[in-house]
**Q** 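Below is one structure. I have some questions about it.
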Protein chains: 2
Amino acid sequence: MPRNLEEVAKLAGVSTSTVSRVLNNVSVVKTSTRTRVLKAVAQLNYHPNLHARTLAGGKSRTIGMIASNMENPFFFDVFKALEAHAQASGYEVVVANTDYDPQHLVSSIRLMIGRRVAGLAVVVSEMDQELIQELAQSQIPCVFYDVGSARRNITNIRVDYRKGVERIVEYLYDLGHRSLAFIGHHSGLGPTSERERAFVASVSRHGSDVEWRTVVDRDGLDGGRNATRELLDGGFQPSAIICVNDFMAVGVLRELRERGLSVPGDVSVTGFDNIKLSEYSAPPLTTAHIPRAKIGELAFTALMQNEETVLPAGREVVIEPELVLRGSTGPAGRGAARKKVS
Amino acid sequence: MPRNLEEVAKLAGVSTSTVSRVLNNVSVVKTSTRTRVLKAVAQLNYHPNLHARTLAGGKSRTIGMIASNMENPFFFDVFKALEAHAQASGYEVVVANTDYDPQHLVSSIRLMIGRRVAGLAVVVSEMDQELIQELAQSQIPCVFYDVGSARRNITNIRVDYRKGVERIVEYLYDLGHRSLAFIGHHSGLGPTSERERAFVASVSRHGSDVEWRTVVDRDGLDGGRNATRELLDGGFQPSAIICVNDFMAVGVLRELRERGLSVPGDVSVTGFDNIKLSEYSAPPLTTAHIPRAKIGELAFTALMQNEETVLPAGREVVIEPELVLRGSTGPAGRGAARKKVS
DNA sequence: TTGAAAGCGCTACCAG
DNA sequence: CTGGTAGCGCTTTCAA
């Protein structure tokens with residue numbers, strides 16, 4: 001029994017305009033009529049139709065966020081920060097999950113455009129040029145994380161993965177590791193992600209001094225575990241495993257544990273992101289910190305500026321990951337020699 | 001530059017009605033005009049305004065879900081299942097997080113009503129009668145998980161926590177544990193949750209044969225850790241800790257590990273829910289399985305039936321948790337005697 | 001301080 | 001098979 005303005009107006013003995021006014025706290029309404037209206041609203045259990053509101057008002061109070069995998073705490077943390085700031089400014093945010101599926105990305109973007117969101121944060125690893133074009137043309141203020149480049153209504157936030165991965169590789173190298181594996185995940189588009197390429201570039205720099213392999217699987221606990229199996233069953237015996245993110249690293253830890261390999265005694269493991277879970281794993285993960293909260297905040301403020309200022313030039317913000325040393329890494333050699341994989 | 005139907009119609013040389021028809025695949029449109037329209041749509045990068053659509057059409061294609069804490073994988077799993085089924089039927093789902101904050105719950109519900117969602121799944125631990133009333137009056141098909149009772153347009157899904165907790169307590173008791181602690185979380189409303197009450201009821205049955213304590217903290221990794229600290233620093237020395245859910249249990253595991261207490265050697269730990277993470281912790285958690293995927297599915301189908309049938313009597317579905325035995329529990333006694341908390 | 005009326009962009013019904 | 005037109009529920013001038 002969805003009530004509408006008119007019913008409320010009738011019951012309160014005023015016009016719909018007046019009801020609208022009190023509901024929006026606009027242009028002083030006499031206190032007596034205001035209370036009368038409010039009473040009618042309560043009495044009828046009236047809830048304004050947001051679609052009509054948005055349509056009539058012309059502007060939406062919601063901002064969208066599209067992520068690859070909300071199951072991975074990394075994305076969730078970004079979302080939380082974004083939402084916190086949005087709410088503080090009277091916006092609500094609706095999220096869409098792509099599950100790394102390009103097709104899903106497309107429909108999510110279309111959905112957001114259809115909703116006429118006030119702004120859109122796209123936090124996915126890959127995205128083809130055409131889609132970016134489509135979004136740009138929509139005139140919706142956007143902020144991309146880790147994909148595309150700044151332009152018209154689009155702001156760019158990116159992490160210098162190259163540097164982050166490099167730091168990890170060098171750290172491990174200095175610890176004596178010469179046999180490295182990289183565990184990544186599918187990016188939905190193209191087989192190699194930026195992080196994987198950064199890894200290859202880093203290890204390649206050491207020439208034949210270090211042997212390495214990369215393997216990818218789905219993002220997640222199970223993916224990390226499977227990748228480790230594939231790696232170890234394939235006969236490669238890394239002294240250190242570098243994971244594309246903490247989430248997968250936790251899966252790696254489990255598989256290693258179940259095979260009786262100790263971390264970091266036999267194998268060192270590193271994550272990436274520094275999600276809360278990385279402190280809670282056993283052992284806690286050495287990782288590269290990425291400031292998710294700041295990213296969420298940056299995204300929101302970028303969207304807002306973009307909305308106020310009419311089409312400013314796109315900006316670009318680059319974030320540098322910081323190495324966080326914990327118990328999952330240690331010197332190479334000892335363990336590997338002491339124990340064989342079954 | 002948000003285009004609209006009229007522009008498309010003009011460019012294609014047809015009426016808006018025709019454009020609407022091809023966009024909705026309704027009533028046969030001549031192939032030639034159809035292609036012409038589609039071309040115009042593409043050319044203008046046109047995206048239909050969903051608000052206008054919903055308003056004009058009268059029915060929304062989105063269903064809402066409200067959860068206490070999407071960060072806890074339990075809720076996310078329910079969401080995923082719900083979304084999967086929804087998408088398959090052409091619905092999208094938008095979620096709202098309450099963070100166990102009653103005030104937040106209220107605004108989320110209002111928001112959903114304002115959106116005129118086609119259905120609403122409420123997955124929160126507590127909710128006051130007034131709100132339920134407000135929702136019931138909205139005529140929106142609802143499904144509640146673990147709260148309130150079935151009525152008009154409302155279906156109820158609940159887990160028999162009583163039985164779940166009881167099974168855990170008995171299992172531990174049989175293992176020789178006589179000193180039990182329960183770690184729960186705030187429910188937002190009232191200090192004691194149903195699970196905590198179930199715990200108290202279970203242990204009380206054994207009279208003075210078992211000593212026990214309960215402590216609550218925020219839901220999450222940190223909450224579990226803090227609660228454990230409070231417990232242990234408070235001088236209570238439980239031989240087993242029963243957690244309200246797996247998520248918090250992982251936090252408990254960490255604190256225990258850092259204090260040099262072995263699990264299950266010194267202390268046994270149990271979780272609840274059987275989330276994926278419970279298999280990946282060290283040691284993996286003994287827990288009670290709750291079929292999240294099934295709950296998500298049930299929720300969706302309930303919503304759909306409720307929508308088709310006009311106001312059927314509310315139904316109620318009860319789910320029984322199943323005990324899952326893993327490495328975090330073992331016989332009592334040995335360890336506790338061998339080691340003292342610092 | 002309040003009311004009347006013109007849309008917002010789209011669907012749906014009624015003609016043709 | 002296609003066009004015209006009346007709303008959907010609300011905001012927003014413009015008058016009063």
Side-chain angles (χ1 to χ4, degrees), chain A residues 1-38 40-41 44-62 110-111 113-118 138-140, chain B residues 1-38 40-41 44-62 90 110-111 113-118 138-139:
Chain A
M1 206 166 286
R3 297 14 189 83
N4 62 21
L5 264 197
E6 203 177 329
E7 291 188 55
V8 179
K10 203 165 297 172
L11 183 65
V14 297
S15 72
T16 59
S17 339
T18 298
V19 179
S20 175
R21 288 190 187 101
V22 339
L23 257 32
N24 295 291
N25 297 315
V26 50
S27 92
V28 202
V29 176
K30 206 201 299 175
T31 321
S32 64
T33 52
R34 161 179 300 272
T35 21
R36 199 143 35 86
V37 170
L38 257 18
V41 166
L44 291 176
N45 195 236
Y46 169 72
H47 295 267
N49 183 319
L50 264 23
H51 300 293
R53 238 224 244 295
T54 312
L55 185 57
K59 68 274 151 90
S60 158
R61 248 350 218 178
T62 106
R110 301 250 164 91
L111 192 63
I113 297 183
R115 279 195 182 116
R116 298 294 187 269
V117 291
S138 77
Q139 299 291 64
I140 293 177
Chain B
M1 208 165 284
R3 293 22 187 77
N4 63 22
L5 262 198
E6 202 177 332
E7 291 188 56
V8 178
K10 204 166 297 174
L11 183 65
V14 298
S15 72
T16 59
S17 338
T18 300
V19 179
S20 175
R21 288 191 186 100
V22 337
L23 257 32
N24 295 291
N25 297 315
V26 48
S27 94
V28 201
V29 176
K30 206 200 297 173
T31 320
S32 63
T33 52
R34 160 178 300 270
T35 21
R36 200 142 34 86
V37 170
L38 257 19
V41 166
L44 292 176
N45 193 236
Y46 169 72
H47 296 267
N49 183 319
L50 263 23
H51 300 293
R53 237 222 245 295
T54 313
L55 184 57
K59 68 273 154 101
S60 157
R61 250 347 217 178
T62 105
R110 300 251 164 92
L111 191 64
I113 297 183
R115 280 196 181 113
R116 297 295 187 271
V117 291
S138 78
Q139 298 291 64

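Within every chain, numbering begins at 1; the chains are lettered A, B, ... in the order of the sequence lines, protein sequences first and strands thereafter.
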**Q** For DNA chain D, whose closest nucleotide is more 5', that of A/S20 or that of B/R34?
**A**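 Nearest nucleotide further toward 5': that of B/R34.
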
**Q** Given D/dT2, C/dT11, C/dT2, identify the nucleotide with an atom nearest to the side chain of B/V29.
**A**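 Taking heavy atoms from C-beta onward, the closest nucleotide is D/dT2.
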
**Q** Using whole Å, what does the distance between atom C1' of nucleotide C/dG7 and atom CG of B/L5 come to?
**A**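 In whole Å, C/dG7 C1' and B/L5 CG are 15 Å from each other.
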
**Q** Can you give me the closest heavy-atom contact between B/S15 and B/A9, atom names plus distance?
**A**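 What the structure gives for the nearest pair is C-CB, 3.7 Å.
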
**Q** Just compare C/dC10, D/dT13, C/dC8 and give me whichever is closest to any side-chain atom of B/A56.
**A** C/dC10

**Q** C/dT1 C1' sits how many Å from A/R21 CZ, rounded?
**A** 8 Å

**Q** Do B/R3 and C/dG9 have a side chain to base donor-acceptor pair shorter than 3.5 Å?
**A**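 Flag unset: no donor-acceptor pair detected.
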
**Q** Please evaluate the base of C/dG9 for a donor-acceptor partner in the side chain of A/R116 within a cut-off of under 3.5 Å?
**A** no

**Q** Ignoring the backbone of A/N49, work out which of D/dG9, C/dG9, D/dT11 is nearest its side chain.
**A** D/dG9

**Q** How many whole angstroms separate atom NE2 of A/H51 from atom C1' of D/dC10?
**A** 13 Å

**Q** Between the side chain of B/T35 and the main-chain N/O of B/T31, is any donor-acceptor distance below 3.5 Å?
**A**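 A pair under 3.5 Å: yes.
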
**Q** Let me spell it out: for each of A/S17 and A/V28, pick the nucleotide of DNA chain C with the closest heavy atom. Which residue's pick is nearer the 5' end?
**A** A/V28

**Q** What nucleic acid atoms does B/T18 come within less than 4.0 Å of, heavy atoms only: base, sugar-phosphate, or nothing?
**A**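 The answer is sugar-phosphate, as B/T18 gets under 4.0 Å only of primed atoms, P, OP1 or OP2.
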
**Q** If you only use heavy atoms from C-beta on, which nucleotide in D/dT13, C/dA12, C/dC10 is closest to the side chain of B/N4?
**A**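 It is C/dC10.
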
**Q** Over how many whole Å does the gap from B/E6 atom CD to C/dG7 atom P extend?
**A**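 B/E6 atom CD is separated from C/dG7 atom P by 12 Å.
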
**Q** Quick one: does any side-chain atom of B/H51 pair with a main-chain N or O of A/R115 as donor and acceptor, under 3.5 Å?
**A** yes

**Q** Is the shortest side-chain heavy-atom distance between B/R34 and B/N25 below 4.5 Å?
**A** yes

**Q** Between B/V14 and B/R36, what is the shortest heavy-atom contact and its length?
**A**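 For B/V14 and B/R36, the tightest heavy-atom pair comes out as CG1-NH1, 4.0 Å.
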
**Q** To the nearest Å, give me how far apart CG (B/L50) and C1' (C/dG9) are.
**A**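 Rounded to the whole Å, the gap is 11 Å.
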
**Q** Contact class for A/V19 (heavy atom, under 4.0 Å): base, sugar-phosphate, or nothing?
**A**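 Touches nothing.
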
**Q** Taking any heavy-atom pair under 4.0 Å as a contact, classify B/T33: base, sugar-phosphate, or nothing.
**A**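 Sugar-phosphate, no base atom in range.
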
**Q** Of B/L55 and B/V14, whose nearest nucleotide on DNA chain D comes first from the 5' end?
**A** B/V14

**Q** Rounded off to whole Å, could you give me the CZ-to-P distance for the B/R53 and D/dG9 pair?
**A** 18 Å

**Q** Is it the case that the base of C/dA4 and the side chain of A/T16 share a donor-acceptor contact (distance under 3.5 Å, atom types as modelled)?
**A** no

**Q** Side-chain N or O of B/K59 versus OP1/OP2 of C/dC10: is the shortest distance under 4.0 Å?
**A** no

**Q** Checking side-chain contact (heavy atoms from CB on, under 4.5 Å) against A/V26, which of A/L23, A/V22, A/N24 comes through?
**A**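 Answer after filtering A/L23, A/V22, A/N24: A/N24.
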
**Q** Between C1' on C/dG9 and CZ on A/R115, what's the gap in Å once rounded to a whole number?
**A** 17 Å

**Q** In whole Å, I'd like the distance from the CG atom of B/N25 to the P atom of C/dT11.
**A** 12 Å

